[in-house]
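We use all heavy atoms of the structure for the numbers below, so side chains are in, but hydrogens, waters and symmetry mates are not. Quick note on labels: first sequence line is chain A, next is B, and so on, each numbered from 1. Everything numeric here is computed off the predicted structure, so don't read it as measured data.
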Protein chains: 2
Amino acid sequence: MADTGTSDRPTRPALNREHIVAAARGLIDKVGLDAFTMRTLGRELGVDPMAVYHYFPNKAALFDAVVELTYMDIELKQSPDAPWDEAVFTFASTMRTSMRAHPHVLPLVATRPVNTAPVGLVIEAAAARLVSAGAAPRDALGIVNCIAAFVIGHLMADVVEPIGGPEAPSPGPELFERTDMPTLMAAIAAGWTWDADRTFELGLSAMIAGFGAKYGLADAD
Amino acid sequence: MADTGTSDRPTRPALNREHIVAAARGLIDKVGLDAFTMRTLGRELGVDPMAVYHYFPNKAALFDAVVELTYMDIELKQSPDAPWDEAVFTFASTMRTSMRAHPHVLPLVATRPVNTAPVGLVIEAAAARLVSAGAAPRDALGIVNCIAAFVIGHLMADVVEPIGGPEAPSPGPELFERTDMPTLMAAIAAGWTWDADRTFELGLSAMIAGFGAKYGLADAD
DNA sequence: ACCTGAACACCGTTCAAGT
DNA sequence: ACCTGAACACCGTTCAAGT
């Protein structure tokens, strides 16, 4: 029993930043952003709510850490033999998948610019691939920024839970049965229905193709 | 002095939805989303905070109205002789300008999908122009959706005030002086600096060009 | 150092009441 | 109908205190 200092199983694992951030995101996933509270987080951790303030100065800083964690989820492995446009397409899809796994976190991602290494590495990975296809670094950064904006903007329209509780009455087709919206009416009459995945892929490939043409991007053979 | 019923100048104008929504957005513009409160709104209106609940069931419904108001700001006039791609470009720029005038409202716009006539009319205007360039209604709606997603996503990265207060430490170039971010380093070394307007126009025109090529869009002569 | 608990200055919203 | 005001069940955060 020569236990040296670090006791083996405390009934609750000792608190630390990593553990708190993971619990915070899990709780946000479970109850939503509005019901997430320093107090409910404390309860979840089995600890006094104030204990968290020893690791984060305030709720905003904790939010930043949650956003950062979500950026770290993005898989940056590249298949190095894929052509540049396919590689960039995959990058954006991967980013979307990671973010989509935490819908309630999305408003934070869209809203809290984090200027930390994990985000930098995500941008770097995509930009580097564009440079290797012939883009100037500054152009590559602009392109990546636009693609990320599209990913996030599209996700917001797709999955986000409104800030400050719901309250949106259902879309209701009656709204669109108006003579001043002929295009909407025509599309609905033709059986049109919203397909987020498909729309995302269309917009993404349009943007990539447009950039490719504009900057004359191509892989060396 | 035969004043019939409607007295001419009440010391405070009678409350009504329009007036409340305008005051709410003005207050959000002035103090930000976090400091905006049913109580501060009451003070701004010179009225008991609870008076607003006679016109809106809750804060969320009021937020929806603010978002709707901001969509109504978008100028939908078209110059009918402009080519389709220029018209769509102008549409997106106009949308961006209207939204950018109310930075603190943006998280609400991005986050609260409103399915009301004003938003429908905005979508309709852009979609109709695409149909007249040869797009099928369903494709036109997909395109407009993607463009709107880009507009909002780009604005979020551009001007938004983080939800739940600031706390982001400054970007700091020291972050980017790392060997694992060569592209970022190279761009900074080459004097690269973030230009939101320019990046927006690049992304937008890339996307429009890509869609034009994909769907073979062109105006009839 | 790490965590607790009381306290402060707020919230959104309900409800009964006033006019 | 329109507006008031007290009250309820919460917040985030400060601060002094415990170990």
Side-chain angles (χ1 to χ4, degrees), chain A residues 4-21 23-24 27-28 31-66 104 107-108 111-112 161-168, chain B residues 5-7 9-21 23-24 27-28 31-66 104 107-108 111-112 161-168:
Chain A
T4 57
T6 55
S7 145
D8 256 7
R9 22 175 160 69
T11 47
R12 324 269 152 122
L15 238 38
N16 60 59
R17 281 183 57 103
E18 247 184 275
H19 183 210
I20 291 172
V21 176
L27 188 54
I28 292 172
V31 303
L33 214 43
D34 286 337
F36 172 85
T37 277
M38 295 306 269
R39 286 161 142 101
T40 57
L41 176 60
R43 215 166 305 152
E44 183 83 2
L45 290 165
V47 106
D48 187 281
M50 288 301 102
V52 173
Y53 283 87
H54 195 73
Y55 299 87
F56 296 91
N58 50 42
K59 204 187 184 189
L62 179 54
F63 278 166
D64 282 339
V66 168
H104 290 117
L108 299 180
T111 237
R112 306 193 64 82
E161 197 81 357
I163 299 172
E167 192 63 15
Chain B
T6 54
S7 145
R9 22 176 160 67
T11 46
R12 323 269 152 123
L15 237 39
N16 60 58
R17 282 182 58 102
E18 246 185 278
H19 183 209
I20 291 171
V21 177
L27 188 54
I28 291 172
V31 304
L33 214 44
D34 287 336
F36 173 83
T37 278
M38 296 306 268
R39 287 160 142 100
T40 57
L41 176 60
R43 215 168 306 154
E44 183 83 0
L45 290 165
V47 106
D48 186 281
M50 287 304 103
V52 173
Y53 284 85
H54 194 73
Y55 299 88
F56 296 91
N58 50 43
K59 203 187 182 188
L62 180 54
F63 278 165
D64 282 338
V66 168
H104 291 117
L108 299 180
T111 238
R112 306 194 65 82
E161 197 82 356
I163 299 172
E167 193 61 17

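The side chain of A:T37 lies closest to D:dG12, out of C:dC3, D:dA7, D:dG12. Closest contact between the side chain of B:D48 and the listed nucleotides D:dG5, C:dA7, C:dG12 involves D:dG5. Comparing C:dC2, C:dT4, D:dT4 against the side chain of B:V47 picks out D:dT4 as the nearest. Of the candidate nucleotides C:dA7, C:dG12, C:dC2, C:dA7 has the atom lying nearest to any side-chain atom of A:R39.
Residue-to-nucleotide proximity on DNA chain C shows that, of A:H54 and B:T40, the 5′-proximal contact is made by A:H54.
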Within the sub-3.5 Å range, which N or O atoms of nucleotides 14-19 of chain D have a protein N or O partner, and how far apart are they?
none

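Atom CG of B:L41 and atom P of C:dC10 are 18 Å apart (whole Å). Rounded to whole Å, the distance from CZ on B:F36 to P on C:dC10 is 17 Å. Rounded to whole Å, the distance from CE on B:M38 to C1' on D:dC10 is 17 Å. Look at CG on B:N58: it is 15 Å from C1' on C:dC11, rounded to the nearest Å. Rounded to an integer number of Å, the gap from CG of B:D34 to C1' of C:dC10 is 13 Å. Distance, B:L45 CG to D:dT4 P: 10 Å, rounded to whole Å. The NE2 atom of B:H19 sits 16 Å away from the P atom of D:dC2 (whole-angstrom rounding).
Residues A:F36 and A:L62 form a side-chain contact, since some pair of their non-hydrogen atoms from C-beta on lies under 4.5 Å apart. Looking at A:F56 and A:D64, their side chains never come closer than 4.5 Å, going by heavy atoms from C-beta outward.
Phosphate contact (OP1/OP2 of D:dC3, side-chain N/O of B:Y55, threshold under 4.0 Å): present.
Here CZ of B:F63 is found 5.0 Å from CG of B:L33. Values are rounded to the nearest 0.5 Å. Taken from CG in A:L27 to NE2 in A:H104, the straight-line distance is 11.0 Å, to the nearest 0.5 Å.
Stretches of at least 3 consecutive Watson-Crick or G-U wobble pairs, with each checked distance under 3.5 Å, appear in DNA chain C as C:4-8 with D:12-16, C:12-16 with D:4-8.
Nearest heavy-atom pair, B:Y55 versus B:L15, reported as atom, atom and distance to 0.1 Å: OH-O, 3.1 Å.
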For residues 37-50 of chain B, run the donor-acceptor check on the side chains, cut-off 3.5 Å, and write out each pair with its distance to 0.1 Å, sequence neighbours left out.
| unit_1 | atom_1 | unit_2 | atom_2 | d |
| --- | --- | --- | --- | --- |
| B:T40 | OG1 | B:T37 | N | 2.9 |
| B:T40 | OG1 | B:T37 | O | 3.0 |
| B:E44 | OE2 | B:K30 | NZ | 3.4 |
| B:D48 | OD1 | B:M50 | N | 2.8 |

